[in-house]
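Nothing fancy with the numbering, it's 1 onward along the sequence.
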Amino acid sequence: MSEMEKENVHVVVVDDDIMTLTVAKIELKKFAEKVTALKNGKDLLHFIGQGNRPDLILLDIVMPEMDGFETLRALR
């Protein structure tokens with residue numbers, strides 16, 4: 001992927017495991033200019049509610065409080 005393509009990509013990763021978020025952010029930075037790591041579905045809903053529109057959301061399914069399926073339903 002060229003630098004030109006990379007600069008326009010924004011990826012959000014949502015996971016309750018800090019180690020997973022850290023590794024995902026490091027690896028995704030190779031392909032995306034901006035990578036946002038969030039700890040739960042509520043944070044994602046707040047982030048989207050502020051007008052942020054990522055190109056891709058990687059969403060963990062098993063999370064406390066609000067699981068990935070509940071988060072997806074709320075996003076839709």
Side-chain angles (χ1 to χ4, degrees):
M1 182 173 281
S2 73
E3 284 298 317
M4 182 81 113
E5 293 167 328
K6 180 180 170 180
E7 72 184 44
N8 294 321
V9 178
H10 181 194
V11 178
V12 174
V13 181
V14 184
D15 199 306
D16 58 315
D17 183 337
I18 300 300
M19 184 59 75
T20 300
L21 286 177
T22 302
V23 171
K25 193 165 186 175
I26 290 168
E27 291 301 314
L28 289 168
K29 276 294 211 176
K30 296 174 185 175
F31 305 100
E33 179 66 26
K34 185 174 181 183
V35 179
T36 303
L38 301 171
K39 294 183 202 176
N40 59 56
K42 289 182 181 181
D43 288 348
L44 175 62
L45 295 177
H46 179 70
F47 182 78
I48 297 295
Q50 290 182 321
N52 296 295
R53 296 293 182 258
D55 298 296
L56 176 68
I57 298 172
L58 299 175
L59 182 60
D60 184 20
I61 298 301
V62 181
M63 294 185 289
E65 287 185 54
M66 180 180 234
D67 69 28
F69 292 116
E70 292 172 303
T71 304
L72 180 58
R73 278 192 291 277
L75 280 174
R76 287 184 173 172

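Under a hydrophobic clustering in which Ile, Leu, Val, Met, Phe, Trp and Tyr are joined whenever their side-chain heavy atoms come within less than 4.5 Å, directly or via other members, L21 and V11 fall into the same cluster.
N52 approaches I48 most closely through the heavy-atom pair O-CD1, 3.4 Å. In plain terms, the two heavy atoms of K42 and M66 that are nearest each other are N-SD, 3.8 Å. Closest non-hydrogen pair, F47 versus V12, comes out as CE2-CG2, 3.7 Å. In this structure, L59 and L44 approach most closely via the heavy-atom pair CD1-CD2, 4.3 Å.
Under the 4.5 Å side-chain criterion, counting only non-hydrogen atoms from C-beta, V13 is not in contact with K25.
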Using side-chain contact (heavy atoms from CB on, under 4.5 Å), reason through L58 and L28 one step at a time and then give a plain yes or no.
CA-CA 11 Å; L58 299 175; L28 289 168; 3.8 Å; yes

Under the criterion side-chain contact (heavy atoms from CB on, under 4.5 Å), I'd like the reasoning laid out for E33 against V9: C-alpha separation, chi angles, the key distance, then a yes or no.
CA-CA 6 Å; E33 179 66 26; V9 178; 5.7 Å; no

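Going from atom OG1 of T36 over to atom CD1 of I57 covers 10.0 Å, rounded to the nearest 0.5 Å. A distance of 8.0 Å separates CG of D43 from NE2 of H46, quoted to the nearest 0.5 Å.
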Review item, side-chain donor-acceptor pairs of residues 68-76, under 3.5 Å, at least two apart:
from, atom 1, to, atom 2, distance (Å)
E70, OE1, D67, N, 2.8
T71, OG1, D67, O, 2.9

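No donor-acceptor pair under 3.5 Å is formed between the side chain of D16 and the backbone N or O of N40.
Here M19 sits in one hydrophobic cluster together with V23; the rule is ILVMFWY side chains under 4.5 Å apart, joined directly or through other members.
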